[in-house]
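Predicted, not measured: the structure shown is a model, and the values here were computed from it. Reminder, nothing fancy here: chain letters follow the sequence lines and each chain counts from 1.
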Amino acid sequence: MSVVQHLAAPGGATARASAEPSPRRRLSGLSGLTIAALLVVAMFVAFALLAEVIAPYPPNQVHITERMQPPSARFWLGTDNMGRDLLSRVIHGTRGVLVTSVVAAMLGVVGGTLVGLISGYAGGWLDEIIMRLVDALLALPSILLALLLLARLGASRLSIVLGIGIVYTPTVARVVRSAVLAIRNVEFVQAARLRGESTAYILFREILPNIWSPIVVEASVRTSYAILLTASFGFLGLGVQEPEPDWGLMVSRARDYIQVAPWMAIVPVVAISLLVIAISLVSDGLRERLVDLPAHTHTD
Amino acid sequence: MNHTQPVQVQIRHLSLRYPGGVQALRDVSFDIHVGETIGIVGESGCGKSTLASVLVGDAPAAQELTGSIVLRGSDGADEGAIEMLGASREALREVWGRRVATVYQDPQATLNPSYTIGDQIDEAVMRRPDLAPDGVRQRTLELLRQVRIPAPEATATRYPHQLSGGQQQRAVIAMALAANPDLLILDEPTTGLDVTTEARILDLVQELQQEVNAGILFITHNLAVIAQIADRIGVMYAGELVEMGAVGEIFAAPAAPYTAGLLACIPRIDRQSANRRLRTIPGSVPSPSAQPIGCLFAERCPFVEPRCRQERPSLRPIGEEGHLARCLRAEQVCEEGWPLDRLARQSNNGPSDDRPVLQGRGLSKAFGRRARKHIFFGPVVRRPVSAVEDVSFTLAKGETLGIVGESGCGKSTLLNCIAGLVRPSAGELVMGDDALAPVVRKRSQQILHRLQMVFQNPDLSLNPRHTVGAIMRRAVKVLDRDSTPAERRQRVADLLGRVGLGEHYLARRPAELSGGEKQRVAVARALAGYPDVVLADEVTSALDVSVRAEILNLLNDLQADEEVSYLFISHDMSAIRHISHRVMVLYLGMIMEMGPVEQVFGPPYHPYTEALMSAIPAPDPTIKTRRIRLSGELPATRPKGCPFHTRCPRSLGALCQRELPPWRETDGGHGIFCHIPLNELAALEPLTMPGPPA
């Protein structure tokens, strides 16, 4: 008779009984990468909230003798062609980028959630019509579609928000619709129908709370894309105008000096990438942590 | 008893713990002899399937696995004996698929959808080194014949999705037999199948027992299946073997209280339970991480004594040789049996008057539309598929109408039509004196509260994001509009009390409830508006045996107290027999037979009812059932003539193929839809030879 000790394989599934995570355990046990990404996002949020306190100089303060200086002890990330501190401009630019992209993404998520809920729950011809419209919008590249909208709305921060929001509505609508389809005929929804509940109650009280996870993940993904789009519009000169510190605009201005002062372009580009990547990593982490409903299998 | 045969597998002191202290197996020891079938039975979470996976050397997340599993050579020879725990992967690879074969519950998950059945069995056959390559397909066809697959040559060239569930499971069994295994593990092989298919797979297993010389380990939650198939039974509770012995011995005189309780709480197909109440096991399975000093069953045991909580009973011999039980008071348990339900309330006497609360007239439902090849012209390429055809019924106050049939017979469609979740194609519904609108949206609040529904899957019937309190308050608010907030609070507490749940459940979410508790909340929710009719859609099918008994008792008590009527759908004939006053048998959407429960469950039988009843394994090895097996599968569309003629063992030939049968009724309101005259059907002998009285 032998006695053997088996050690748990790393990352092996734990037993079913203990698989139900408590809310507290959901937050702990995040991967190191996700925590690092969260810290980066937190840093940018701090920039946005406390730019005046954190930034070493006002964003538009011109140091006329120190134009196009490489990074130094005085100007940590160097200066631009007008002698403005790049670090201060990046920090001050954060608020604009974050507010624009977060509001725009939220607009898209709220709009898409409404469209997806209605389309998925209604079914039939209404669903058909909505989904063909969604397909038509999805067929156009998002930047092109947003440009078209901006051309109608005129260049301003508000129109960027509206443009991006409208562009992301169909994408989110698709995701939400498929989540709704999965539970629209589940028993607790049928029970609500049998009680004579209104469609609004069923959509917002019975279905919506159960599809939060895909919506939250979608919101974070949309935010990171919205940052890219916002920066692109700034680069194209469709957003705010000089001398406002805007990351996209900073890259655009730096083009003329790329040979002599590459840091002018590198600094805002790194800021954009860092924020986008960090938010993507956070949304990946969220995706793994958020637990979904039990599988919706039906017999008979 | 096969004790004369040599031992094939020797399991000793097997214990398994998962990380987090979950004790999945506790000191399990038993032998499997050559050619013997051991049945392992227990409710979910008792460690049955864990035992199976450990036996095939697969316990991936185990933290601590101790004990010994010795697999001996063919026919129990010393040569080739191997200690499976701790063996190298090379040694185990030799064992897997060759000497130990497993058949799991879901054949679709076992079969690879992109290879033909023949190719997959060939692959299993080729693991045998002694076979010449050109003999492989030969052997495959032989195996397909052995598992009674019709037209093996043609079947071998088909893909899994082209076969029915029963045929798929046969193919999996053929694959398991391919290498002449020494140990064959069948893990719930019939659980996902319809009763009629299950019966034929069980027949096959019984025939294979004679033909193959392997030790068979048959794992199931279904005591009736075990009664029919096993030589010896092991009963598991909380990862522990609590009783082991010959099948007749255990069914006649169970010595472990858990076994006695399990046997006591299944409804009987052969007779109505006394007082329409089932005995139950109170409480629930202890947490798998619990480490009590005493007996694991003590908290639920009616025989419990102080010493039960102080010392852990060991498996000890009781009565006849080979009968082991883990109980300090086993002799007494044998003698007294599981006690009757002490909470027995007033008995349920059935409908008090004949006034119908719900009537259906000529209900039909067809799915899909007729389509022609060129939209308006050309041959018809698609016709509507009729799921329910011309179903009429009445339901009296306080009555239960059971609706039974195989899956795909239109039970659920009928219920959804009545609920208004699916719009019927024809027919009308009358509730009391008011006509019911065909869809739920068109029904007024005055009518909605009178017709509520309880669903099959307790995990999905309650919104996981709402607390029990929120769910109940909403139901009371919507279904009982005139109540004041204070009355509502009182009513919620009342309702929960009614279904046996205390006020501390109000703040819980569905994830914190067991399956039975969830189903209780669902029942309470349906009762919120003082309904006249509750539609029950397979409400007990997803539940464990002991919980099933509790829910059936609950429904009975509520009916006695509130005079609510049930439309009770189930594929489980014994539950139907237990709870129904009248029964409707559906086949392909048409009523085959309808009448009072005692008359439907006795001659004259409709041939379909007869076959359904014959297919159900009796939870008692002494009951002998006349064997009638349906050939073929449920047709996709209803054939002309009698819908049942394609599978009917008593078909009269041309007449049945040509014409719809007449509806013949006896004086007692028992109707049969068959060409065979009633007196001929009445002359058939009863299906079951009853066992000893309870």
Side-chain angles (χ1 to χ4, degrees), chain A residues 1-23 25-26 121-122 124 182-199 201-213 290-300, chain B residues 12-13 18-22 24 45 59-68 83 85-86 192 287-289 407-408 411-412 416 419-421 440-441 443-445 448-449 451-453 455-457 459-466 471 474-475 478-479 511 522 525-526 528-529 537-538 541 571:
Chain A
M1 200 171 293
S2 76
V3 176
V4 198
Q5 298 255 329
H6 283 236
L7 287 172
T14 48
R16 265 286 153 75
S18 64
E20 199 70 53
S22 66
R25 276 186 53 193
R26 248 184 227 180
Y121 187 68
I183 62 167
R184 61 176 282 201
N185 283 325
V186 162
E187 283 84 335
F188 62 79
V189 178
Q190 293 192 338
R193 289 222 283 272
L194 283 179
R195 286 202 302 271
E197 299 283 8
S198 67
T199 306
Y201 179 89
I202 293 177
L203 285 181
F204 294 110
R205 300 284 301 138
E206 299 283 352
I207 294 180
L208 189 59
N210 286 294
I211 57 174
W212 271 129
S213 335
L290 289 175
V291 196
D292 245 331
L293 267 181
H296 305 117
T297 45
H298 277 271
T299 55
D300 199 321
Chain B
R12 289 291 175 271
H13 307 296
Y18 286 119
V22 174
Q63 187 181 39
E64 199 179 291
L65 178 59
T66 57
S68 141
E83 165 60 59
L85 289 192
S287 149
S289 47
S407 51
K411 305 187 295 287
S412 288
N416 284 334
L421 295 170
V440 75
R441 269 201 319 279
R443 294 180 185 171
S444 69
Q445 232 16 273
L448 277 172
H449 78 92
L451 180 73
Q452 285 295 304
M453 189 159 172
F455 299 90
Q456 169 172 8
N457 189 338
D459 297 330
L460 299 178
S461 351
L462 307 179
N463 192 330
R465 303 287 154 148
H466 296 175
I471 290 167
R474 182 71 192 181
V478 173
L479 295 173
R525 177 178 63 186
D537 186 2
E538 300 268 15
S541 305
H571 65 271

Q: By a 4.5 Å heavy-atom criterion (distance strictly below it), what part of B/H571 contacts chain A: side chain, backbone, both, or neither?
A: neither
Q: Select, from B/I471, B/N416, B/L448, B/L451, the one with the greatest count of heavy-atom pairs under 4.5 Å involving chain A.
A: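 With the most close heavy-atom pairs to chain A, the winner is B/L448.
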Q: With a 4.5 angstrom heavy-atom cut-off, is it the side chain or the backbone of B/A526 that approaches chain A, or both, or neither?
A: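 No part of B/A526 comes within 4.5 Å of chain A.
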Q: Checking heavy atoms, do the side chain of B/L462, its backbone, both or neither come under 4.5 Å from chain A?
A: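 For B/L462, the backbone is the part near chain A, not the side chain.
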Q: When you measure from the side chain of B/Q452 to the backbone of B/G529, do you find a donor-acceptor pair of N or O atoms at a distance under 3.5 Å?
A: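 No; zero donor-acceptor contacts below 3.5 Å.
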Q: Would you kindly check if the NZ (Lys) or CZ (Arg) of B/R525 is within the cone defined by 45 degrees around the ring axis of A/F188 and under 6.0 Å from the six-membered ring centre?
A: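 No, a cation-pi geometry is absent between B/R525 and A/F188.
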Q: Is a side-chain donor-acceptor pair under 3.5 Å present for A/E206 with B/N463?
A: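 There is such a pair between these side chains.
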Q: May I ask you to decide if A/G196's main-chain N or O and B/R441's side chain share a donor-acceptor pair within less than 3.5 Å?
A: no
